[in-house]
Amino acid sequence: MKKEIEGKYKIPFSVLIEKKIAAEELLDDEVRLLTDAIIDDKIPLWQLSAFLMAVYFQGMSVQESAVWTEELMLSGDLVDIRGISWPKIDRCTTGGVGDKSSFVLSCIAASCGIAVPTLSDYDDGFVISDIEKISSIPGFSTKFDPKIFKTQLKKIGCCYCEQPETIAPVDLKLTQLRKETGTIPSSPLLASSMLCRKLSSGIEGLVVDVKWGNGSCIKDVEQAKQLGRMITRVARTLNRKCIALVTDANQPLGKTVGTALEIKEVIELLKGEGDLELQDLILRLGMEIVRLAGVAGSTLSAKQMIVKKLSSGEALEKFKELIAAQGGDVSYIDHPEKFPEARYVRKLSAQKRGYIHTVNAGMIARGVRILAEAEDGTFDYSVGVSDIMKVGMQIKQGEPLMMIHYNDEERLEKALEYFRDAYRLAPKRPAQTELVNERIA
């Protein structure tokens, strides 16, 4: 190494960029120096962008990614929940359209004696975030307070708060830069980003739902498998238990996409009802959570435990406890008809008969976003789509592909461009696909 490369910040950042371009592995101290430089604002954005792009193309080793994750985690505050005796397990996802399983899983796990310290943000989702969904419940506060967070976690076993800027602040900065440089899908960068935030909340284990397809930021199944392997290996390097499931997100999950509409569907799912595919995903992920926590010893006992918590109403009661603890109006859970409804409902009619071959979840989510978000930044929780027809279903000309709930005609016209382009029909039935493509342990 060049003689001038010595002492803190005397290493030219170009050297680190060149090493990454050449697919060389950075030393632990070099990774730490880089993160220190980001914290201290000593590295120009154009050089940091070049480094991210080099990682995007050349990747990182598990060791590099583990050190990077730990440094990102240590760049901010850590939540100390060691005083809670329950197993501390969380679930995270790369984001999928219509996926409201995190709320159901948190309540199932908490009712099984597992602490689920969920810190989410507006990037946890695909176009529409979980924070926006749960904020549709009147009074519900997602504001994070460490003392209240720990007290609530100890009392009821689950919390659902927005990640504060003091948690992994370097990652927040990098995430914005990755959006601007097109490097979001990088497996090591995505793995480190997901893990540093989750590990900051004090968890002992993690179940990851790695989604791929048109409703996720990961478009290719092989890339999703690669990300799942990276996440589990990095987590184990940092002495955390981790399981990943690679799942298909090439169409919306469940029957609805929106905010209040999805919370209504959450209530159905917590009663053991609703969309069968989403029920299956919740069962599969829930079984992984309770086994990773050690509260179920076998696949059969894990399945029986999940089914019991749903059928007995314990999971639904836990959801009510969560809502009440964070200031929400629980009467909306008992009486979902209280949620505000859009003034108008219109069907999206099929232009011809045939079998549904593709449903572009990303387009549907963007259309819903147009319906919901006004130019002044206000958000309409009542709008969205429901009764979504899925891949493989047969439909006649004029029958509804889905129902659109809206309040503004001008926004509807813009959203319709996305909704219409989301569906592709063909004369023959498409091949059946699997929801879960791989389990990585």
Side-chain angles (χ1 to χ4, degrees), residues 28 31-32 34-36 38-39 60-95 102 105-106 109-110 114-124 130-131 144 146 149-150 153-154 157-175 178 186-210 227-245 285 288-289 292-294 440-441:
D28 292 358
V31 176
R32 294 188 181 102
L34 185 62
T35 51
D36 285 346
I38 299 170
I39 293 169
M60 275 183 166
S61 69
V62 172
Q63 179 62 24
E64 281 178 296
S65 191
V67 175
W68 182 258
T69 300
E70 190 170 44
E71 289 301 304
L72 294 181
M73 180 181 69
L74 296 175
S75 71
D77 296 338
L78 302 178
V79 183
D80 186 2
I81 56 174
R82 288 174 294 180
I84 297 173
S85 59
W86 296 5
K88 305 162 193 67
I89 309 292
D90 201 359
R91 172 263 188 190
C92 70
T93 177
T94 53
S102 61
L105 289 165
S106 293
I114 302 167
V116 189
T118 303
L119 290 177
S120 185
D121 69 20
Y122 286 95
D123 288 319
D124 288 344
D130 281 353
I131 290 293
F144 173 77
F149 186 82
K150 286 186 279 188
L153 196 62
K154 191 171 184 177
C158 55
C159 302
Y160 218 98
C161 296
E162 185 178 348
Q163 178 190 333
E165 293 184 356
T166 54
I167 297 285
V170 170
D171 178 64
L172 293 176
K173 180 177 180 178
L174 287 173
T175 298
R178 285 166 55 214
S186 165
S187 291
L189 295 177
L190 191 51
S192 295
S193 179
M194 293 172 69
L195 286 171
C196 75
R197 289 182 286 135
K198 288 300 180 182
L199 300 188
S200 295
S201 65
I203 60 169
E204 300 165 338
L206 185 65
V207 173
V208 186
D209 182 1
V210 184
L227 175 59
R229 288 189 287 269
M230 175 64 77
I231 292 173
T232 54
R233 289 169 183 171
V234 170
R236 285 200 299 271
T237 301
L238 295 173
N239 298 315
R240 301 301 199 284
K241 298 176 288 186
C242 187
I243 298 291
L245 295 184
L285 290 168
E288 298 292 353
I289 290 171
L292 197 67
I440 302 169

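Positions are given from 1 along the sequence. As the structure is a prediction and not an experimental result, all values here were calculated from the model.
- Between K88 atom NZ and I81 atom CD1 the span is 6.0 Å, to the nearest 0.5 Å.
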For this session: Go through the steps for I167 and V79 under the test side-chain contact (heavy atoms from CB on, under 4.5 Å), then give the verdict.
Result: CA-CA 9 Å; I167 297 285; V79 183; 4.1 Å; yes

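- Between C196 and A168 the shortest heavy-atom distance is SG-CB, 3.9 Å.
- No side-chain heavy atom of F144 sits less than 4.5 Å from a side-chain heavy atom of D77.
- Looking at every heavy atom in both residues, D36 comes nearest to E71 through OD1-OE1, 4.3 Å.
- The shortest distance between side-chain heavy atoms of R91 and V116 does not fall below 4.5 Å.
- Side-chain contact check for S193 versus T175: some heavy-atom pair is nearer than 4.5 Å.
- Between C242 and R240 there is no side-chain heavy-atom pair separated by less than 4.5 Å.
- Between I440 and R229, the closest heavy-atom pair is CD1-N, 3.7 Å.
- For the atom pair OG (S200) and CG (L195), the distance works out to 10.0 Å, reported to the nearest 0.5 Å.
- A distance of 10.5 Å separates OG1 in T69 from CG in L74, rounded to the nearest 0.5 Å.
- With 3.5 Å as the limit, one finds a donor-acceptor pair spanning the side chains of S102 and D130.
- A heavy-atom distance below 4.5 Å is found between the side chains of K198 and T118.
- Side chain of T93 to main chain of D209: a donor-acceptor pair is present (N/O by atom type, distance under 3.5 Å, no hydrogens or angles).
- Between the SG atom of C92 and the CD1 atom of I231 there is a distance of 6.0 Å, given to the nearest 0.5 Å.
- Here the closest heavy-atom approach between residue A115 and residue W86 is recorded as N-CE3, 3.7 Å.
- Note that the NZ atom of K150 and the SG atom of C159 stand 11.5 Å from one another [nearest 0.5 Å].
- Contact check for Q163 versus L172: side-chain heavy atoms found under the 4.5 Å cut-off.
- Residues V207 and L285 share a closest heavy-atom pair of CG1-CD2, 3.9 Å.
- Here the closest heavy-atom approach between residue L206 and residue I89 is recorded as N-CG2, 4.4 Å.
- A search for side chain to side chain contact (heavy atoms under 4.5 Å, CB included) contacts involving S186 returns V55, Y56, P188, L189, not counting sequence neighbours.
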For this session: With side-chain contact (heavy atoms from CB on, under 4.5 Å) as the test, would you mind laying out the steps for V62 and M230 before giving the verdict?
Result: CA-CA 7 Å; V62 172; M230 175 64 77; 4.3 Å; yes

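- Residues L72 and S192 have side chains in contact (heavy-atom distance under 4.5 Å, counting atoms from C-beta outward).
- One distance of note links CZ of R197 with CG of D90; it measures 11.0 Å at 0.5 Å rounding.
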